[in-house]
Amino acid sequence: MEKQYNPQEIEARWQREWDEANLFQTDLDTTRPKYYVLEMLPYPSGTLHMGHMRNYSIGDALARYKGMRGFRVLHPMGWDSFGLPAENAAIKNNRDPGEWTRANIAAMKDQLRRFGFSYDWDTEVSSCEPEYYRWNQWLFLKMYERDLAYRKKAQVNWCPECSTVLANEQVVDGRCWRHEDTEVEQRSLRQWFLRTTAYAQQLLDDHEEIEAGWPERVISMQKHWIGRSTGTEVDFKLDGSDEKVTVFTTRVDTIFGATCLILAPQHAWVEKFGLAARAQPLIESVARRDPADVEKLGIDTGRFVVNPYSGGKMPIWIGNFVLLAYGTGAIMAVPAHDQRDFEFCRKYGIPVRAVIRAVDGELADEAAMVEAFSIYGVAENSGAFSGMPSSEAIDAMNAHGEAEGFAKAAITYRLRDWGISRQRYWGTPIPMIHCEACGVVPVPEKDLPVVLPANVKLTGTGESPLKQVPEFANVECPQCAGPAQRECDTMDTFIDSSWYFYRYCDPKNDKAPFDTKKVAGWFPIDQYIGGVEHAVLHLIYARFFTKMMRDLGLITWNEPAKRLFTQGMVIRDGAKMSKSKGNVISADDFLKVHGADVARVFSLFAAPPEKDLDWNDAGVEGMQRFLTRLYRFATKHAAEGVGESAEPVTDSDRALLRKLHQTIHKITDDFDSRWHFNTSLAALMELTNDLYAQEANLSAGVLRDIVTKTVLLMGPFAPHLADELWRELGNDGFVLKQGWPEVDAALAHDDQIEIPVQVNGKLRSRLSVARGTAREEVERLAKEDSKVGPHLAGKTIRKVVVVPDKMVNIVAN
RNA sequence: GCCCGGGUGGCGAAAUCGGCAGACGCAGAGGACUUAAAAUCCUCUGUCCGCAAGGACGUGUGGGUUCGAGUCCCACCCCGGGCACCA
């Protein structure tokens, strides 16, 4: 009997049934192949947005598909629950961040449940709980033991709005990644760092292992971020002294053309020369500006260095375009062969000396130069190296410098060590103690976790809030038992998300971050899914942590995730959904009006998952119509054909069975290769349309077979509807526990096919022929075709191209 | 400036290996049912010429390769993203 589709009623009922049956519990039976599908865990802001919903709809479709294909699936979810929003909300509303966070988690978990995502909540992880963050602390201690965690005074990025330090990765165009309008300041603070640079080369090399499964874009962004360049480090002696300054250059072949040495304004020698105050305006002149708009500024220090290759004296300058953080913070300026140096030297009247000529040309006339000649050529006026091509000169000069002890080949990375100290409350306490007598002392492992104290007064002044808590801050030194101070900074929350995916495999372990054997049974992650905005933050940190944990002996592999998928953003009215733009669709409202299945199907249908999705309310109606059509058809015929043969009798039977099996083939292929679920759903719509069109001509048993398999195919996309119809058809159990429908190649096969006939590449007719018709026969039919004839009149056939079962092209003139 | 993507109807898109461009959905037009509306169902819908049959044109622009190009090659234009005074 045809029924009315009532998604809200159906969805609530099935969510209850799934819970009661523990349907999503992870199967630990190791006889079946495993599949680990992971979606990036959310920050518990309190409400799920449509970007999350899209991310999880993709992951859930995959998880359910793999489940139906016979894999035991690990499909976990958790909470990246430390972080500033909780603290800011606490200051604003005078509420405990923990209480606020846990209430948000409860609300979002309920929303996830109401979307019907197949998460195993027994593996849930929440990073703000001591059961989790104690292992952040433990890992930190292990890194400290291996000198991978260290403390140093450093120029750091300070966001006045966040009142805390930011990692380089969290600074975007000189502004805070959380506050687009807030300019980041530089402060000199003592901070904890993780030695990510120790893994720079491995992070690059191991791209090879993941290249096949990660988007090229992400790999290329990471390569650029790590920024390896090969070159030479050269020591220049201060004239009249034995002190040296080192510069890094990729073009040592140009060194005979160096006419001055330029220090970054923050370089140690600037202070040494007593010029720090004068150099300050140079620092400010480049702060948060587009480099193209910044005029080059310099200060002559009046000092000189000696060029170790040429023996010549070169003045030392300070320049605003030299970066302290890259290379050694000092450069040799070769104006003739570097455009930036050229601009600087011309402005300040520093000589230009050409030493590289084009391979088939002459040395440039320095006085007439209007721009630098910056490509490889042949060295001239370069002592013993004259006449050598650039690359040869580089090798020879490296060898010479190394022999003489003033230079050596070197590799420089753009990647910096990861500053992780945050002067905030809602994060993992750094497990260190400062003792006046013993210095920095690690908290003994047995004293972990260092628990974040509750009821802390938050003021947002920029001082670490934990300093205001004497019972936390004042502690006995573990070494000498004297009075000591705890480290009161907390860890960057990106630490939390750098290894959470391991914890899912063993979430309740209180002896170790995880059991090595348990994670080995699930890793690597078969498919990781999340937003591309994490390409250089989270995804570099996560790879770094995996390598570090491998070196600690916790795991044995190099890379956490075999495959990564980055889905597009959800856009509405031409902009990313955001509160400030007022174009947000609330998940709760949507569930009330349309239900979960409509949301899921719409988000998968409206665009292929890697592209941005334009949210369109009319399109949503269309998906509702599709689900309703399928529901009505299935319920109308639910009782028919039980126990009857599914052998085709009528032509309609054969046509629809063919369509069904072609659809199964297509969707299976989409899941296994391209993930173009928009076309999977289009195929299911076509099948549904055909069912309606042939409704009266189908044998009951065939109709039942087709409807049953269509319901199974819908399982990954609209799981509530699928289970409801599965039950309506008189079946037991859940769609998720059924096998994925098999393609019957014989049924999918078309015997009679239509092939286009072209004359000179233009479509003129179509032939209906049996599949496999011989070339000659097709050619004969094409030439005799009544629609083709007029186009051949008066012409000579020069050639006939026949692609069997595909097309015919008659070339004539 | 450098590195990635991308450009197809009114809109979201499809065309997976060089072989019928525009599947599927939205929007629109017309019709059926209805006292009426909603819902549902049916038909049409790239542009131009034509009563029609049919024809011409058509995947950012210009060239090229090919029997045949949205797809491959060269040059260019535009849009989006990433990085950016990286020595």
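Small disclaimer: the values here were computed from a predicted structure and weren't measured. No hydrogens, no waters, no symmetry mates; every other heavy atom, side chains included, goes into these values.
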Roughly how far apart, to the nearest Å, are [N] and [M] at atom [atom1]?
{"N": "A69(B)", "M": "G19(B)", "atom1": "C1'", "value": "10 Å"}
{"N": "U43(B)", "M": "C33(B)", "atom1": "C1'", "value": "15 Å"}
{"N": "G6(B)", "M": "A13(B)", "atom1": "C1'", "value": "14 Å"}
{"N": "C2(B)", "M": "A75(B)", "atom1": "P", "value": "14 Å"}
{"N": "C51(B)", "M": "C67(B)", "atom1": "C1'", "value": "37 Å"}
{"N": "U71(B)", "M": "G7(B)", "atom1": "P", "value": "11 Å"}
{"N": "G12(B)", "M": "G60(B)", "atom1": "P", "value": "14 Å"}
{"N": "G70(B)", "M": "U16(B)", "atom1": "P", "value": "13 Å"}

Any side-chain N or O of [X] under 4.0 Å from OP1/OP2 of [N]?
{"X": "N678(A)", "N": "G12(B)", "value": "no"}
{"X": "H676(A)", "N": "A13(B)", "value": "no"}
{"X": "K611(A)", "N": "A13(B)", "value": "yes"}
{"X": "N813(A)", "N": "C67(B)", "value": "no"}

Is a donor on one side and an acceptor on the other found under 3.5 Å between the side chain of [X] and the backbone of [Y]?
{"X": "D417(A)", "Y": "T197(A)", "answer": "yes"}
{"X": "T249(A)", "Y": "G231(A)", "answer": "no"}
{"X": "D750(A)", "Y": "I753(A)", "answer": "no"}
{"X": "D597(A)", "Y": "L721(A)", "answer": "yes"}

Please name the nucleotide paired to [N] by Watson-Crick or G-U wobble geometry with both distances under 3.5 Å, or report none.
{"N": "C20(B)", "value": "none"}
{"N": "G1(B)", "value": "C83(B)"}
{"N": "U66(B)", "value": "none"}
{"N": "G30(B)", "value": "C42(B)"}
{"N": "C51(B)", "value": "none"}
{"N": "U71(B)", "value": "none"}

What is the distance, to the nearest angstrom, from the [atom1] atom on [X] to the [atom2] atom on [N]?
{"X": "D338(A)", "N": "G1(B)", "atom1": "CG", "atom2": "C1'", "value": "13 Å"}
{"X": "N616(A)", "N": "G25(B)", "atom1": "CG", "atom2": "C1'", "value": "10 Å"}
{"X": "D617(A)", "N": "G12(B)", "atom1": "CG", "atom2": "P", "value": "15 Å"}
{"X": "R674(A)", "N": "A13(B)", "atom1": "CZ", "atom2": "C1'", "value": "12 Å"}
{"X": "I571(A)", "N": "C11(B)", "atom1": "CD1", "atom2": "P", "value": "18 Å"}
{"X": "H224(A)", "N": "C2(B)", "atom1": "NE2", "atom2": "P", "value": "12 Å"}
{"X": "E610(A)", "N": "G81(B)", "atom1": "CD", "atom2": "P", "value": "18 Å"}
{"X": "Q266(A)", "N": "C85(B)", "atom1": "CD", "atom2": "C1'", "value": "13 Å"}

Candidate nucleotides [options], ranked by approach to the side chain of [X] - the nearest:
{"X": "F605(A)", "options": "C24(B), C85(B), G19(B)", "result": "C24(B)"}
{"X": "N809(A)", "options": "C83(B), C67(B), G81(B)", "result": "C67(B)"}
{"X": "P608(A)", "options": "A13(B), G25(B), A87(B)", "result": "A13(B)"}
{"X": "H791(A)", "options": "A87(B), G55(B), G5(B)", "result": "G55(B)"}
{"X": "V322(A)", "options": "G54(B), C85(B), A87(B)", "result": "A87(B)"}
{"X": "F248(A)", "options": "U16(B), C4(B), A87(B)", "result": "A87(B)"}

Spacing of CZ belonging to R658(A) relative to CG belonging to D690(A), to within rounding of 0.5 Å: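 Reported to 0.5 Å precision, the distance equals 11.0 Å.
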Inter-residue atom distance N55(A).CG - M40(A).CE, 0.5 Å rounding: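 Between N55(A) CG and M40(A) CE, I get 7.5 Å after rounding to 0.5 Å.
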Looking at every strand, decide which applies to [X] at a 4.0 Å heavy-atom threshold: base, sugar-phosphate, or nothing.
{"X": "M807(A)", "value": "base"}
{"X": "H337(A)", "value": "nothing"}
{"X": "V803(A)", "value": "base"}
{"X": "E754(A)", "value": "base"}
{"X": "N689(A)", "value": "sugar-phosphate"}

Strand contacts (RNA chain B) in residues 758-766 of chain A, 4.0 angstrom heavy-atom criterion: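 Heavy-atom contacts with RNA chain B come from Q758(A), K762(A), R764(A), R766(A).
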Strand contacts (RNA chain B) in residues 620-635 of chain A, 4.0 angstrom heavy-atom criterion: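 Output list: G622(A), M623(A), R625(A), R629(A), R632(A).
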side-chain contact (heavy atoms from CB on, under 4.5 Å) between F248(A) and S229(A), worked out: CA-CA 10 Å; F248(A) 175 78; S229(A) 30; 4.2 Å; yes
N/O donor-acceptor pair, side chain K223(A) with base C3(B), under 3.5 angstrom: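 Donor-acceptor pair under 3.5 Å: no.
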Whichever of V801(A) and T328(A) has its nearest RNA chain B nucleotide further upstream toward 5':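 Of the two residues, V801(A) wins.
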Nearest-nucleotide comparison on RNA chain B, the residue closer to the 5′ end among S673(A) and M685(A):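 With S673(A) and M685(A) compared, the 5'-side residue is S673(A).
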Beyond-backbone contact of R632(A) with Y692(A), side-chain heavy atoms, under 4.5 angstrom: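 Contact flag for R632(A)/Y692(A) side chains = yes.
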Close side-chain approach of V294(A) and F321(A), heavy atoms under 4.5 Å: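 Side chain of V294(A) against side chain of F321(A), heavy atoms only: no contact under 4.5 Å found.
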Salt bridge flag under 4.0 Å for residues R780(A) and E776(A):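 So R780(A) does not pair with E776(A) through a salt bridge.
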Stepwise side-chain contact (heavy atoms from CB on, under 4.5 Å) check, E295(A) with S285(A): CA-CA 8 Å; E295(A) 200 191 339; S285(A) 71; over 6 Å; no
Torsion-based syn/anti label for G9(B), 90° from 0 as limit: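 Base orientation relative to the sugar is syn.
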Conformer about C1'-N of C48(B) - syn within 90° of 0, anti elsewhere: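 With its glycosidic angle more than 90° from zero, C48(B) counts as anti.
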Which residues share a salt bridge (charged side-chain N to carboxylate O under 4.0 Å, His left out) with E695(A), sequence neighbours left out: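 For E695(A) the salt bridge (charged side-chain N to carboxylate O under 4.0 Å, His left out) partners, ignoring immediate neighbours, are K636(A).
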Parallel, tilted or perpendicular: ring planes of F602(A) versus W615(A), cut at 30 and 60 degrees: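 Rings of F602(A) and W615(A): perpendicular, as their planes differ by over 60°.
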Y65(A) side chain to D672(A) side chain, donor-acceptor N/O pair below 3.5 angstrom: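 The criterion, which ignores hydrogens and geometry beyond distance, is satisfied for D672(A) and Y65(A).
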